[in-house]
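Report on the following structure.
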Amino acid sequence: MTHTLIHFNYKSDSGKVVGHNGFFHNLHYLKEVFNRYNVDQYNIVHPVYVDNQELTEEQVTKMFNKLQDIILHPKQEVVPMKNGKKPTNKQKQAIERAGLKPDKWLVTKSLRGELHLVAKEEPAKQRVVPA
């Protein structure tokens with residue numbers, strides 16, 4: 001997995017110019033960083049550097065246009081369960097997409113992007129499927 005270095009400055013809510021250096025491995029992660037610091041194309045201070053190359057204002061605008069199309073999902077808490085629970089309808093759909101029968105599985109942990117399952121009949125039989 002390759003990481004891209006970015007360096008940018010932005011004006012904070014108090015009007016102070018703040019710098020940020022960091023790595024990102026995809027645009028989804030970059031959008032999370034911008035959201036965390038409330039950065040948008042209107043409060044970013046030029047120049048912006050990606051892999052030590054300065055971006056033009058046009059390139060920065062294109063980058064923010066691409067970021068607008070990315071939907072961030074709220075982070076889910078890890079919900080560990082001592083005993084498996086019956087899956088919800090949404091979880092049943094994910095289990096079916098994984099090629100399993102939902103009525104034969106219980107959910108033991110629900111993470112962002114994955115479900116940890118245990119078989120009803122054989123508790124030693126466990127699986128992790130995409131959510």
Side-chain angles (χ1 to χ4, degrees):
M1 178 182 300
T2 62
H3 288 60
T4 304
L5 173 67
I6 188 165
H7 169 78
F8 60 90
N9 295 311
Y10 64 98
K11 285 188 181 178
S12 66
D13 294 335
S14 64
K16 182 179 173 186
V17 175
V18 181
H20 180 80
N21 289 311
F23 289 95
F24 67 95
H25 55 275
N26 61 33
L27 288 176
H28 189 271
Y29 181 77
L30 181 61
K31 184 166 183 170
E32 286 179 351
V33 170
F34 283 169
N35 279 355
R36 185 177 319 130
Y37 296 109
N38 295 320
V39 176
D40 59 30
Q41 71 186 85
Y42 304 108
N43 68 349
I44 200 156
V45 178
H46 293 278
V48 175
Y49 294 93
V50 173
D51 285 338
N52 295 321
Q53 295 198 352
E54 185 176 341
L55 298 183
T56 65
E57 289 190 34
E58 183 180 326
Q59 289 171 318
V60 172
T61 300
K62 284 181 182 179
M63 178 180 66
F64 277 102
N65 288 341
K66 283 184 183 178
L67 291 175
Q68 280 183 333
D69 296 336
I70 297 173
I71 298 170
L72 293 180
H73 300 287
K75 296 198 185 243
Q76 295 177 332
E77 288 184 34
V78 175
V79 185
M81 302 162 208
K82 289 184 180 181
N83 300 312
K85 303 288 184 203
K86 285 175 47 177
T88 64
N89 286 336
K90 194 171 186 177
Q91 291 169 339
K92 285 180 184 179
Q93 291 171 354
I95 294 168
E96 286 175 348
R97 282 194 304 271
L100 303 171
K101 294 182 180 178
D103 56 324
K104 299 195 181 243
W105 295 90
L106 298 173
V107 178
T108 57
K109 192 185 290 184
S110 177
L111 300 172
R112 180 177 176 222
E114 66 184 21
L115 293 174
H116 291 243
L117 307 172
V118 63
K120 285 182 182 179
E121 308 295 317
E122 299 175 57
K125 192 174 181 182
Q126 298 181 358
R127 293 262 166 50
V128 178
V129 298

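Counting all heavy atoms, side chain and backbone alike, Ala94 lies closest to Leu115 at CB-CD1, 4.1 Å. Here the shortest heavy-atom pairing between Pro87 and Trp105 reads CD-O, 3.6 Å. Closest approach of Val18 and Ser12 over heavy atoms only: CG2-CB, 4.1 Å.
For Phe64, the ring-ring contact (aromatic ring centres under 6.0 Å, His included) partners at least two apart in sequence or on another chain are Phe34. For His7, the side-chain hydrogen bond (donor to acceptor under 3.5 Å, both in side chains) test picks out Asn21, with sequence neighbours left out. A search for side chain to side chain contact (heavy atoms under 4.5 Å, CB included) contacts involving Glu54 returns Pro47, Tyr49, not counting sequence neighbours.
Remark: Asp51 CG is packed, more than 12 non-hydrogen atoms of other residues, nucleotides or ligands lying under 6.0 Å away. Atom OH of Tyr29 has 12 or fewer neighbouring heavy atoms from other residues, nucleotides or ligands inside a 6.0 Å radius.
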Evaluation steps, salt bridge (charged side-chain N to carboxylate O under 4.0 Å, His left out), between Arg36 and Glu32: CA-CA 6 Å; Arg36 185 177 319 130; Glu32 286 179 351; 5.1 Å; no
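Formation of a donor-acceptor pair under 3.5 Å by the Asp40 side chain with backbone atoms of Asn43 is found in this model. Judged by distance alone, with hydrogens and angles left aside, the side-chain atoms of Lys16 form no donor-acceptor pair with the main-chain N or O of Lys11 at under 3.5 Å.
Contact annotation: the side chain of Thr108 never approaches that of Leu117 to less than 4.5 Å [non-hydrogen atoms, C-beta and beyond]. Using a 4.5 Å heavy-atom cutoff, the side chains of His46 and Glu57 are in contact. Contact annotation: the side chain of Thr4 never approaches that of His25 to less than 4.5 Å [non-hydrogen atoms, C-beta and beyond]. Counting heavy atoms from C-beta on, the side chains of Met63 and Gln59 never come closer than 4.5 Å.
Other members of the cluster containing Leu106 are Val118, with ILVMFWY side chains joined at under 4.5 Å, either directly or via other members. Leu5 belongs to a hydrophobic cluster with Phe23, counting contacts under 4.5 Å between side-chain heavy atoms of Ile, Leu, Val, Met, Phe, Trp and Tyr, direct or through other members.
Screening Ile44, Asn9, Leu67, Leu30 for a side chain to side chain contact (heavy atoms under 4.5 Å, CB included) involving Val39 leaves a single residue, Ile44.
Aromatic ring pairs are classed by plane angle as parallel below 30°, tilted from 30° to 60° and perpendicular above 60°; the pair Phe8 and Tyr10 is tilted.
Sorted by first then second residue, the side-chain hydrogen bond (donor to acceptor under 3.5 Å, both in side chains) pairs that include residues 114-131, not counting sequence neighbours, are Glu114-His116.
Atom OG1 of residue Thr88 and atom CD of residue Gln91 lie 3.5 Å apart, to the nearest 0.5 angstrom. With rounding to the nearest 0.5 Å, the separation of NZ in Lys92 from CD in Glu96 is 8.5 Å.
In this structure, His20 has its ring center under 6.0 Å from that of Tyr37.
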